[in-house]
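Each remark here refers to the structure printed beneath this line.
Because only heavy atoms are used, hydrogens play no part in the values below, and waters and symmetry mates are left out as well, while side chains stay in. None of these values were measured; they are calculated from a predicted model.
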Amino acid sequence: MSDTTNQSNDAQGQKGPIIPKSPSEALRPERVPEPPKRSKKARSQVILFLNFIMTMAVAVCIVAIIAFYYATSTYKSPGPLQTNTNFIVRNGAGLAEIASNLERNAIISDGRIFRYLTATHLSAGESLKAGEYEIKARASMNDIMELLKSGKSILYSVSFPEGLTVRQMFNRMLEDPVLEGDLPAALPAEGSLRPDTYKFSRGTKRSEIIEQMAAAQQKLVDQIWDKRDSSLPLRSKEDFVALASIVEKETGVADERAHVASVFLNRLGKGMRLQSDPTIIYGLFGGDGKPADRPIYQSDLKRDTPYNTYVIKGLPPTPIANPGKDALEAVANPWKTQDLYFVADGTGGHVFAATLEEHNANVKRWRKLEADKGSDPNIAVDGQPEEQPADNGATAVPPKKKKIN
């Protein structure tokens, strides 16, 4: 009954008359209807092209994402460098050159990744700075970028002790293997360069160091001169530096500088000749300095040069060296003494005297010390004269004490 009902319902749901089929027809496969034909719009070449473009865009995006992930991962991963090494970025080097050199030296694995990703880390006007850098083993590209961007390069130093002449300073710069460039053909004025230790990175020019030294000395001289004792018998900063250079060369004992300065200033105030051995040396040998094996002889005290303060009155025409801060301060604010003489005491320092009688006794003690050591009597004795002052405010030429380098 139910089958009859279902067949009846199926028959009612179909359209048209029911045509009975033979068993063979029923077993024959029915023909599948053909799919509907594409519209002319769907077959348009523009649509096909746009579909291709979209497919390619998606593919490119996927590749780009993969490539970006690989690049950023490589950029931040430890690099191939096995041991610490130094790397130089020359002045004017661009990002492409730096990346290529890093890859060539096996510091990074891929110069292109370093170049393009580093560019994204640099803001407008920012660049990797020239210099010599220490790259740590296994440093990532990101680490290297941060180091080169910071400019924290390896620093070298060159030192100039107080009392060197300009020519002696120039010789030191020429001997430095890291500094680059030529020295000026004309020497700066004596006394115009500040003795100090100067730090610099590889690639620094010698002329740059000289400019720093000159600016530093000018600033120092101006500062100390402005705070000088107003009673000083010095007419100008040039005279101030000249006397400071003499004090610098006369004693290496820090506590003595202001005392030695007072002696020279007292002598200037009385119109006495300064009679300083270092001025003899500069007059004889100039900025090259006295050879180490060449003593100062009694005959040298009478040599007529513009710098020999045993012959000329007052200060020499220029400084005889580059004085340091302590010597400048000693002259600007000397001790208040009546001393006019000093001579070596045998211990590296000096003994001072206000009268000629006291000084004569000090010189005799020094001569005895020298005689006991078998010193050549023709070698001059450093200090002020043993004899009575000569006419016109000058002091007679004494035998002098020790060698001054």
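- Taking 4.0 Å as the cut-off between side-chain N and carboxylate O, Arg267 and Asp339 do not count as a salt-bridged pair.
- Side-chain N or O atoms of Arg273 include one that pairs as donor or acceptor with a backbone N or O of Val311 at under 3.5 Å.
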Next item on the list: With ring-ring contact (aromatic ring centres under 6.0 Å, His included) as the test, would you mind laying out the steps for Tyr282 and Tyr307 before giving the verdict?
Entry: CA-CA 7 Å; Tyr282 195 86; Tyr307 288 88; 4.8 Å; yes
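- Nearest heavy atoms, Ser231 versus Lys336: OG-NZ, 3.5 Å.
- Side-chain contact between Phe170 and Val166: present, with at least one pair of heavy atoms (C-beta onward) separated by less than 4.5 Å.
- Between the side chains of Thr165 and Glu190, no donor N or O sits under 3.5 Å from an acceptor N or O.
- Two rings, from Phe352 and Phe342, have their centers less than 6.0 Å apart.
- Ion pairing of Asp182 with Arg206 is absent here, as no side-chain N (NZ or NE/NH1/NH2) approaches a carboxylate O to less than 4.0 Å.
- Judged by distance alone, the side chain of Asn308 and the main-chain N or O of Arg303 form a donor-acceptor pair under 3.5 Å.
- At a threshold of 4.0 Å, the pair Arg257-Glu248 counts as salt-bridged, since one of the basic side-chain nitrogens sits closer than that to a carboxylate oxygen.
- Within a 6.0 Å radius of CD in Gln338, other residues, nucleotides and ligands contribute 12 heavy atoms or fewer.
- For the side-chain contact (heavy atoms from CB on, under 4.5 Å) with Leu268, the lone residue among Asp239, Leu232, Leu243 that qualifies is Leu243.
- Side-chain atoms of Arg138 come within 3.5 Å of backbone atoms of Gly79 as a donor-acceptor pair (strictly under, hydrogens ignored).
- For the 3.5 Å distance criterion, the side chains of Tyr156 and Arg202 qualify, holding a donor opposite an acceptor.
- The backbone N or O of Val343 lies less than 3.5 Å from no partner atom in the side chain of Asn362, so there is not a single donor-acceptor pair.
- When every heavy atom of Leu265 is checked against every heavy atom of Pro334, the shortest pair comes out as CD1-CG, 3.4 Å.
- Ion pairing between a basic and an acidic side chain is recognised when a charged N comes within 4.0 Å of a carboxylate O; Arg90 and Glu97 show such pairing.
- In this structure the side chain of Pro317 reaches within 4.5 angstrom of the side chain of Pro306, judged on heavy atoms.
- Between Asp300 and Lys290, none of the side-chain N atoms (NZ, or NE/NH1/NH2) sits under 4.0 Å from a carboxylate O, so this pair counts as no salt bridge.
- Within 6.0 Å of NZ in Lys325 there are 12 or fewer heavy atoms belonging to other residues, nucleotides or ligands.
- Across all non-hydrogen atoms, the minimal contact from Leu95 to Arg115 is CD2-O, 3.2 Å.
- Counting only distance, with no hydrogens or angles, the side chain of Asp176 and the backbone of Val158 share no donor-acceptor pair below 3.5 Å.
- Side-chain polar atoms of Arg104 and Ser100 form a donor-acceptor pair below 3.5 angstrom.
- With ring centers used as reference points, His121 lies under 6.0 Å from Tyr75.
- Of the possible polar contacts, one joining the Thr279 side chain to the Thr309 backbone as a donor-acceptor pair under 3.5 Å is found.
- Formation of a donor-acceptor pair under 3.5 Å by the Asn84 side chain with backbone atoms of Ala137 is found in this model.
- Remark: the backbone N or O of Ala215 is not paired with any side-chain donor or acceptor of Gln217 at under 3.5 angstrom.
- Salt bridge absent: Asp222 and Lys219 never bring a charged side-chain N and a carboxylate O closer than 4.0 Å.
- Looking only at side-chain heavy atoms (C-beta outward), Pro78 and Ser140 stay at 4.5 Å or farther from each other.
- Scanning both residues, Pro184 and Ile210, for their nearest heavy atoms gives CD-CD1, 3.4 Å.
- In this structure, a donor-acceptor pair under 3.5 Å is present between the side chains of Glu132 and Asn86.
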